[in-house]
Amino acid sequence: MQELVLTNEIIIVMGVLVFAILLFIFEWVRVDVVGIMMMVILPLLGLVTPKQAISGLSSNAVVSIIAVIIIGAGLDKTGVMNILARQIIKLAGKSETRIMALIAATVGIISSFMQNIGAAALFMPAATRISKQLGVPISRILMPMGFCAIIGGCITLVGSSPLILLNDLMESWWNNNISLLGGKAFEPFGLFTVTPMGLALLAAGIFYFALLGRWILPAKGAKETGLMSQQVESLYSIKVGKRPFELEVPKDWKPTQLDELNFRPTYRATIVGIFKPDTKKLVLSPVREDVIEPGDYVAVFGREEDVKRAAKDLGWRLKDDLEFFAEMLSPNNCGIVEAVIPPNSKLVGATMRDLHFRKTFGVNPLALNKGGEIIRRNISRMKLRAGDGVLLLGPWEKLHFIKKKGILLFTEDLKGELMRPEKAIPAVFCLVLALILALGFHVQLSISLLTGALGMVLLRVMTIDEAYQSVDWMTVFLLGGLIPLGLAFETTGAARYIATSIMHAMGQVTPFMLLLIVAMLTSFFTLVASNVGATVLLVPLSMNMALQAGADPRMAALVVGIAASNTFVLPTHQVNALIMRPGGYRTVDYVRAGTGMTVIYLVVMMAMLYVYYGISG
C-alpha cells in the first residue's frame, strides 16, 4: 500500500473540521451560518475550487430535500396527511411511546426501499399534526423518526447509497486481487442479505427511544393542546372556559331540539358539536333545529363547573377526554379567535339569530364583548354594534372564509390554512409519479422528486409561492456547506491518511476485532465526510486488511456499508439536518441522544455478525 505523508493541506482541512465541530457544539452562530462559512472558508484556503464550494447547493441530496419537502407540503395541504395521522392515532392511541414507535417503525420500513430523506420528509407533516393534536412535543417524535429512517436504509441492499454501491466496489476490488484469492469467483450480496441485520438495528433503535427517550430527548415544541392563543385566553377563559368537553347522551333520553334545550342561557356553556354514532355523522356548529337523540355524543365548550352541572341535571355522562371530537376540535383543524365588528359590516344592527349565523358561516359564537363586558347568555338575540367583540370557535377554513368576506376583523393572525381536499388525488398522483420514476425507471432521485414537486404546482395543488415558503432553507444551506467540507476531507487525502494510519497501527488482530475497528472507523468518517465517500474509501482498505488478517473480505465490506449509516452524533447527515429546525434541536441534543444510539448500533451490529453471520474472534 502506498505510504502517505502528512501534508499542509491535510493539516489545514483537519483544522477546519475541528473548527466546524466546535461551532456546532458551542453554537456561536446558527448551524446554517456554519454551512455558509464552510462555502467561503474552504475555497479561500485553496482546499476546494470555487465551483466545488457551491456544488453542494446543486447536489442530488440537497435538490432531493427541496423537492420532497414541497411534495410533503402539497400532500399536507390537501388533507392526505390528516388521513395518515388519523390512522396512526387510531392504532397507537394517545400513548407518546406507541406513537413514536409506530411512526419510527413505519418510516424505517419505508426507508428500506426508498431513500431515507424522502421517507422522513414525507412523514414530517403527519408527525407535526399528531404532535399538535395530542400535545406530544414534536422533539420527542422527529429524532426517533429521523434515526430510524437512517437505520431503515440497512434493511435491504437498495435502501441506502453505500449499500447500493457495495457490490460494484467489492467486485472491482475482487477482480484486482483475484490472484491473492486463489481464483475464487466473486459472489455478490443478495437484496435481502442485510435484512436480519437491518431489522435488528431498527428494533434496537425503537427500543432505545421507547426506554430512554423521556430522558435523552428534549421536550421542545411546547404542548399546545389549547384552542386559544394566550392573548384570547387571558381575556375570556375565566368566564368562558378553556377547553371543550365531550358528553354521552343516555339511551333513555327523549329526542330534543337544540332550541328547546335552552342550554346556553341555563348553563352558560355552548354546545359546539353533535356526533351520531349510528350514522357516523359529526355536526360541528349545530343549529337550533338539530336534534339531540339517545346515544348521541355532544361537545360542549364552557367552564368545567358549568359543564358538570349540565351533565348532572340532564343525566349525561361527562367523559374524561375527547374521543369522537378529538380530531375535529384539535388545534390542527379548529381554533378559538376574537373578532371585532367593523362599522361597514352587515352584522351591524342585526342579531345572529336573524342572520342564521351558525348555518351561514359554520362557526360557533361563544361570547360577546360589549364595552369590556363579556356576555355569554342570549347572545344570539342581542343586536350587534360596531366595535363589539365576538369570540368564535370553528374550523380554520371557515374562519378564513369569514376573514375573506370582510364582515369581521380578527384581532390576531389566523393560524390555520385553507385546505384543498379536492386536490388530494392530483397530490397523490404527483407522489406516485415521483416514486415510479425513481424506483421503476431508475431516474436520478433529485429529478424524480423534482418532477413530483413541479406537478404539485402545475396541477394547482399549491402555488409556486407556497412551494417556496414550505422549504426549510436553513437545512438547504447547512447541507450545502457540509458537502464541500466532506469533499475537501476526501480530495486533500486527509480521509485516506487517517484511515491508512489506523489500519497500519492495528497490527495483528483477530477477524472479529478487525471488523469492530472497521465499523468504528466508518462511523467516524460518515460523520465528517459523506457516507458515500466513506464507503468508496474504506471498502477496498478494509478488504485488504481482512485478507491480511485471514478474515472474509466480503464481510469487511458489508461492515463498511452498514456502519456508513451509523451517523447520529452530529446533524451532518441530511436526515438529521432536515429534522433539526422543525424539532427545535440543538447540536447538544444530537450528541446526547446520538452517542447512545451510536454505541447501541455498534453493539447490535457486532452481535449480529457473531450470531447470524458466524464471525467469531
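- Between D32 and R581, no side-chain nitrogen of the basic residue sits less than 4.0 Å from a carboxylate oxygen of the acidic one, so the salt-bridge criterion is not met.
- Going from atom CE of M38 over to atom CG of L17 covers 9.0 Å, rounded to the nearest 0.5 Å.
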List the steps, then state whether ring-ring contact (aromatic ring centres under 6.0 Å, His included) holds for Y590 with F568. CA-CA 7 Å; Y590 286 94; F568 309 110; 9.9 Å; no

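- Put simply, the residue from I69, V63, L57 that forms a side chain to side chain contact (heavy atoms under 4.5 Å, CB included) with V476 is L57.
- Between T526 and N531, the side chains place no donor N or O within less than 3.5 Å of an acceptor N or O (distance only, hydrogens not considered).
- Here the shortest heavy-atom pairing between L515 and V559 reads O-CG1, 3.6 Å.
- We find that R243 and E233 are not joined by a salt bridge, their nearest charged nitrogen and carboxylate oxygen being 4.0 Å or further apart.
- A pairwise comparison of heavy atoms in M543 and R554 identifies CE-N, 4.4 Å as the closest pair.
- Listed by chain and residue number, nothing satisfies the salt bridge (Lys or Arg N to Asp or Glu O under 4.0 Å) test with R98 (two or more places apart in sequence, or in another chain).
- The aromatic rings of Y610 and F512 lie perpendicular to each other, with more than 60° between the two planes, well past the 30° mark.
- In this structure, T598 has no side-chain hydrogen bond (donor to acceptor under 3.5 Å, both in side chains) partners at least two apart in sequence or on a different chain.
- In this structure, the separation between CD1 on I117 and CD1 on I65 is 4.0 Å, given to the nearest 0.5 Å.
- Side chains of N566 and S523: a donor-acceptor N/O pair is present below 3.5 angstrom, by distance only.
- Note that the CD atom of Q444 and the OG atom of S64 stand 7.0 Å from one another [nearest 0.5 Å].
- Minimum heavy-atom separation, I206 to C148: CG1-SG, 3.8 Å.
- Checked against F123 for a side chain to side chain contact (heavy atoms under 4.5 Å, CB included), the options I110, L142, I130 give a single hit: I110.
- Between F275 and F325, the ring planes lie perpendicular to each other; the angle is over 60°, past the 30° to 60° tilted range.
- Considering every non-hydrogen atom in both A593 and L217, the closest pair reads CB-CD2, 4.3 Å.
- Minimum interatomic distance between L163 and G153 (heavy atoms only, all atoms of both residues): CD1-O, 3.5 Å.
- Between L212 atom CG and M597 atom CE the span is 10.5 Å, to the nearest 0.5 Å.
- Ion pair D589/R592 flagged as a salt bridge, since at least one NZ, NE, NH1 or NH2 atom sits closer than 4.0 Å to an Asp/Glu carboxylate oxygen.
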